[in-house]
Amino acid sequence: MNEKGKDSSLTTMKKKEKEVIYSVIQVFVGKWWNGSYLYPDPCGWTPIQGVSCEQYDDGFWYVTTVNFGPVFDNSHMCSRDAKFPQQLFNLKHLKVLSLSSCFLSPTKNPVKLPLSNWEKFSHSLESLTLRSNPGLVGTIPSAIGSLRKLQSLVLLENGLIGKLPPSISNLVRLRQLVLARNYLVGEVPANYGGLSELLIFDASRNNLSGVLPSTLGSLDSLLKLDLSNNMLEGKLPKQLGRLKNLTLLDISHNKLRGGLAETLKELAFIKHLVLSNNPLGGDLSGVKWENFLNTETLDLSNIGLEGRVPESMEKMKRLRFLDLSNNYLSGNVSRSLENLTCLGTLHVNGNNLTGRLDFSERFYMKMGMRFAAWNNANLCYIVKSNHQVPYGVKPCVQNITISEGFSTVKITEGNHEDSSVVASLGGSGFYGLWWVFTVNSVLNVFLWNMLS
């Protein structure tokens, strides 16, 4: 609230403005609320919780902010039978509208967003947030496209259905567009590529389908693009490679195809890249990992990868999280990944990896349960005394047979203390005992050097 509000001579509010805000509050919180008695001066000495005002050139004070729900400590909570009051549109200086957890039941108290009257806010509203309202149903009104001053549109965790309105492209000042966790369908409109000031676009956890429009590559200012958990198809458009300011791209849990190398070709600048749970296919060797110098998060789990894990991934020096789980990767896991000094999580479980895990004890201690290598049938680790064991991976067992004349020695490689030597020899007892002693000593030294 403006500091001038402390001067009672400057807190004049028009009677109609008072009546409107009192009526709006009662619709949201209940008729028990008596504004005229409790808050005779809503923009002065007795401000209303969740309501802010500003003084305009005509000398009067007008409501500019309305916040209801548990987002702010001093905001009113909505009642169970709250509605979306039409009187709200009479607050013609309103800049911020935030309603959180106001409409909770899509069956007992469904509330639809008004389809009209939004144009009354076209010269004032800058931020519209409708969050955690499962009882807020219906479609996103096309009339929202008339809010030319809108900078933030957050419709998060509601019960909204229908398609994304193409009219949103009219909101040329928009910096944040969050439509996540609704029941929206259809394609991402191509004209959204005209939102040149957009920083965040999050339409995750809906039922969006079709291919991603190449026009998204025109969102030069974009920092975050999250379209995960939808039903998007086709290839990731190479035009996204133009988004040099993009720090996070999450397209996980969709139906994208086209191979990994082609998908990543233009995205070497990205910091956080999540492509998991898509039938992309391909292999890791076709990507120039040495170019991904800024990447910190790389999630390629369950995308149908084949082939080996290339040693070139050790050049991703800022990598903190690497998930290659639940693919069809084969071959060894190179110890060179230990050179990634920032790495805090490594998942290679659920593949066809083979051979021995040869990471240092320091690596296992650093990772703990954040190193996952289970469900690789032919992968094992070398047992070393007092060393941490990678969870779910079996110890290496190898049979070595040495023949000398009629003599055969069989060694089982595993824990050194449990290694055994069996000799079946001809000749004198003394010679046989000497041979057993010599072979046993040499092989014990060999195993000790190999296993330590």
Is the [X] ring parallel, tilted or perpendicular to the [Y] ring (thresholds 30°, 60°)?
X    : Y    : result
W289 : F292 : tilted
F371 : Y364 : tilted
W33  : Y39  : parallel
F103 : F84  : tilted

Quiz item: Going through the checks in order, is the side-chain hydrogen bond (donor to acceptor under 3.5 Å, both in side chains) test met by Q86 and N117?
Solution: CA-CA 8 Å; Q86 288 291 333; N117 288 323; 2.9 Å; yes
Quiz item: Which of these passes side chain to side chain contact (heavy atoms under 4.5 Å, CB included) with K163: T139, V185, L184?
Solution: V185
Exercise. State which residue, out of N245, L195, L198, L240, fulfils the side chain to side chain contact (heavy atoms under 4.5 Å, CB included) condition with L222.
Key: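 Of the listed residues N245, L195, L198, L240, the side chain to side chain contact (heavy atoms under 4.5 Å, CB included) partner of L222 is L198.
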Among side-chain atoms of [X] and [Y], is any donor-acceptor pair under 3.5 angstrom?
X    : Y    : result
N349 : N375 : no
N378 : T354 : no
N109 : K83  : yes

Quiz item: Looking at E126, Q151, E54, which hits side-chain hydrogen bond (donor to acceptor under 3.5 Å, both in side chains) with K95?
Solution: E54
Practice problem: Using salt bridge (charged side-chain N to carboxylate O under 4.0 Å, His left out) as the criterion, list what pairs up with K120, not counting sequence neighbours. | Solution: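 Residues passing salt bridge (charged side-chain N to carboxylate O under 4.0 Å, His left out) with K120: none at all.
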Practice problem: Could I get the full list of salt bridge (charged side-chain N to carboxylate O under 4.0 Å, His left out) partners for K18, not counting sequence neighbours? | Solution: none
Practice problem: Give the intermediate values and the outcome of side-chain hydrogen bond (donor to acceptor under 3.5 Å, both in side chains) for residues S221 and E197. | Solution: CA-CA 6 Å; S221 301; E197 297 187 17; over 6 Å; no
Taking NZ, NE, NH1 and NH2 as the nitrogens, is one of them in [X] or [Y] under 4.0 Å from a carboxylate oxygen of the other?
X    : Y    : result
E266 : R242 : no
E290 : K315 : no
E338 : R335 : yes

Quiz item: Is the F28-H76 ring centre distance short of 6.0 angstrom?
Solution: no
Practice problem: Let me see the working for M367 and L343 under side chain to side chain contact (heavy atoms under 4.5 Å, CB included), right down to the final yes or no. | Solution: CA-CA 9 Å; M367 291 291 183; L343 193 65; 3.6 Å; yes
